[in-house]
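Structure record follows, encoded as C-alpha cells.
Counting starts at 1 for both ligands and their atoms, in listed order.
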Amino acid sequence: MVDIHSNKFLQESLVSEKGFLDIPIDPQLDLFGEIEKLKKEKNAILLAHYYQEPDIQDVADYIGDSLGLAQQAEKTQADIIVFAGVHFMAETAKILNPSKKVLLPDLNAGCSLSDSAPPALFKQFRDKHPDHLVITYINCSAGMKALSDIICTSSNAQKIVESLPVDQRIIFAPDKNLGAYINKKTGRNMLLWNGACMVHEIFSVEKITKLKIRHPNAKVIAHPECEEPVLALADYIGSTTGLLKFSKADPTQEFIVATETGILHQMQKESPHKTFIPAPPNNSCACNDCPYMKLNTLEKLYLCMKYEIPEITMDENLRLAAKKPIDRMLAISAQYGL
Ligand code: 13P
Ligand code: SF4
C-alpha cells in the first residue's frame, strides 16, 4: 500500500480534492510541542489573526489585525510563513514576500466579504467611473487588489481617505458598512460597492440594547464592518487591534463586544479581571463565529507545517499588479506611524 506520509503526489491530490490535508493523526501527539519543533526545524513563522481558535492563537509567533499581519509578512526573515487566517491574508503575504513559501492550513478558508466582489463584475463598475480613485478594503482577492489604486484595512481606512484631496472622487469597495462609516467620519461621499461581512451583519440591535440595560456599566465596542444601527450603539469603534487596546486601556470592567468571538481570547488574557460579553446575533445560532476563520484547526496547522502543503502560489503579473496598491497603503500607514 502507498504511504501518504511519504507520497507528495497523494498529498497534492488530497489537497486539490479537499482543500486541506486530511490525514489521521495519533491522538496522543502533543500538537503544541510538534508545532514548536516544526517552526524551529523549518525556520517558519506562524502568523495568526485574532479570530482564530484560542489554541492556534496560543501557539502563534504573532497575532494581529490585517494591517499588522501584512506588515509582519512583509518584513519576516523566516523561510516559511504559515498563515493561520483566511485566504486573502495568506495571499497578501505571498504578494508582499514572494520568495517565501506561504502555507494556509485549509484553502477553503475564504471570506464572504471578499466573495461579494468578483473582479470581473467590479471592473465593469470601475470602468463606468473613470474619474474615481479606487480604495479597496484588504478583505478581497488578488484580482480585486489588481483593479485598485490603494488598499486599506479597518485600522488605516480613515487616514488613507483623509490623505487624498477633499475633491477626489472615490470608489470604496467591497465593504459598504466600513465605507459608510468612513464617509460619516470624513464627510466624504465615496461611492460604495454593495458588499458586507456575514459575521458582522448578524448582530441584533434589540438584543444588544437589552444587554446594555442588564449591564448598565458595560461599554459596547464594535468593529466598523458592523451595520450603522449597531455602530450607533458603540462607545468605541475600531479594528480588532483597536478593540483589544481599548478594552485594556479603558477603566471599564465590562464590555459588550460586537465582532467575531475569537478576539475575546486575547481580551480575556490581557485583562483577566474584566468581563467580555459577545454581542448576540439576531437568532440562536453561533453566527458571530466566522465559519471561514474557524476552518483552521490545530491538526490542520500541524499537517500543513509538516508536509508544507497547501501552499499559496500566484501568477507573477497578477502579483505585481496587486502589490502596487498594497505598497501605497503601507507607505501611507508608515507616514502616520500606523
Ligand atoms: P481587522 O482584524 O483588520 O480589524 O479585520 C477584521 C476582519 O474581519 C478580518 O477578516
Ligand atoms: Fe471575512 Fe467576515 Fe470572516 Fe472576516 S469575519 S474573514 S470579513 S467573513
Next item on the list: Compute the minimum heavy-atom distance from Glu225 to ligand 2 and say whether it is under 4.0 Å.
Entry: yes
Check: Could you walk me through whether Ile4 and Leu14 pass the side chain to side chain contact (heavy atoms under 4.5 Å, CB included) check?
Finding: CA-CA 10 Å; Ile4 191 155; Leu14 201 58; 3.8 Å; yes
Check: Could you give the distance from CD (Gln11) to OG (Ser16), rounded to the nearest 0.5 Å?
Finding: 11.5 Å
Margin query: Is there a polar contact, in the sense of an N or O pair closer than 3.5 Å, between Asp65 and ligand 1?
Written below: no
Item checked: Nitrogen or oxygen of Thr153 less than 3.5 angstrom from that of ligand 1 -> no
Check: Is the closest side-chain donor-acceptor distance between Thr153 and Ser66 under 3.5 Å?
Finding: no
Note to self: I'd like to know if Glu34 and Lys306 make a salt bridge, using a cut-off of under 4.0 Å between side-chain N and carboxylate O.
What the structure shows: no
Margin query: Could you identify the single nearest non-hydrogen protein atom to atom 10 (O) of ligand 1 and state the distance to 0.1 Å?
Written below: Asn139 ND2, 3.2 Å
Check: What part of Ser154, side chain from CB on, backbone N/CA/C/O, both or neither, has a heavy atom under 4.0 Å from ligand 1?
Finding: side chain
Note to self: If the threshold is 4.0 Å, N to carboxylate O, is there a salt bridge linking Lys37 and Glu41?
What the structure shows: no
Next item on the list: Report yes or no: does His49 have a heavy atom closer than 4.0 Å to ligand 1?
Entry: yes
Note to self: For atom 8 (O) of ligand 1, what is the closest protein heavy atom, and at what distance to 0.1 Å?
What the structure shows: Glu225 OE2, 3.0 Å
Next item on the list: Would you mind checking which non-hydrogen protein atom is closest to atom 2 (Fe) of ligand 2, with the distance to 0.1 Å?
Entry: Cys197 SG, 2.3 Å
Margin query: At less than 4.0 angstrom from any non-hydrogen atom of Cys111, what atoms of ligand 2 do you find?
Written below: 1 (Fe), 6 (S), 7 (S)
Margin query: Within the structure provided, determine whether Ile80 and Asn43 are in side-chain contact (heavy-atom separation under 4.5 Å).
Written below: no
Checklist line | Atom indices of ligand 1 within 4.0 angstrom of Tyr137 heavy atoms, with elements | finding: 5 (O)
Checklist line | Distance from atom 7 (S) of ligand 2 to nearest protein heavy atom, with residue and atom | finding: Asn139 ND2, 3.2 Å
Check: How far does CZ of Arg319 sit from CD of Glu91, to the nearest 0.5 angstrom?
Finding: 12.0 Å
Note to self: Checking Asp61 against Lys39 for the salt bridge (charged side-chain N to carboxylate O under 4.0 Å, His left out) test, could you report, in this order, the C-alpha distance in whole Å, the side-chain angles of both residues, the deciding distance, and whether it holds?
What the structure shows: CA-CA 10 Å; Asp61 296 303; Lys39 278 201 259 180; 3.0 Å; yes
Notebook entry, point to check: What do you reckon, does Tyr50 put a non-hydrogen atom under 4.0 Å from ligand 1?
Noted result: no
Margin query: Name the residue from Asp106, Val86, Leu301 that meets the side-chain contact (heavy atoms from CB on, under 4.5 Å) definition with Asn296.
Written below: Asp106
Next item on the list: Heavy-atom contacts with Tyr51 under 4.0 Å: which atoms of ligand 1 show up? List them by number with element.
Entry: 6 (C), 7 (C), 8 (O), 9 (C)
Notebook entry, point to check: Looking at Phe125 versus Trp193, is the centre-to-centre ring distance below 6.0 Å?
Noted result: yes
Note to self: Quick test of your reading of the model: are Lys219 and Asp250 salt-bridged, counting only N-O distances below 4.0 Å?
What the structure shows: yes
Margin query: For Arg188, is there an ion pair with Glu162 - N to carboxylate O distance below 4.0 angstrom?
Written below: no
Note to self: Out of all atoms in ligand 2, which are within 4.0 Å of some heavy atom of Cys290? Include the element for each.
What the structure shows: 3 (Fe), 5 (S), 6 (S), 8 (S)
Check: Taking the non-hydrogen atoms of Tyr292, is any one of them nearer than 4.0 angstrom to ligand 1?
Finding: no
Item checked: Proximal atoms of ligand 1 relative to His223 (non-hydrogen, under 4.0 Å) -> 1 (P), 4 (O), 5 (O), 6 (C)
Notebook entry, point to check: Has ligand 1 got any nitrogen or oxygen that is less than 3.5 angstrom from a nitrogen or oxygen of Ser239?
Noted result: no
Note to self: Considering non-hydrogen atoms of the protein only, which is the closest contact for atom 8 (S) of ligand 2, and what is the distance?
What the structure shows: Ser112 OG, 3.3 Å
Margin query: Polar contacts were defined as any N/O atom of the residue lying under 3.5 Å from an N/O atom of the ligand; does this apply to His200 and ligand 1?
Written below: no
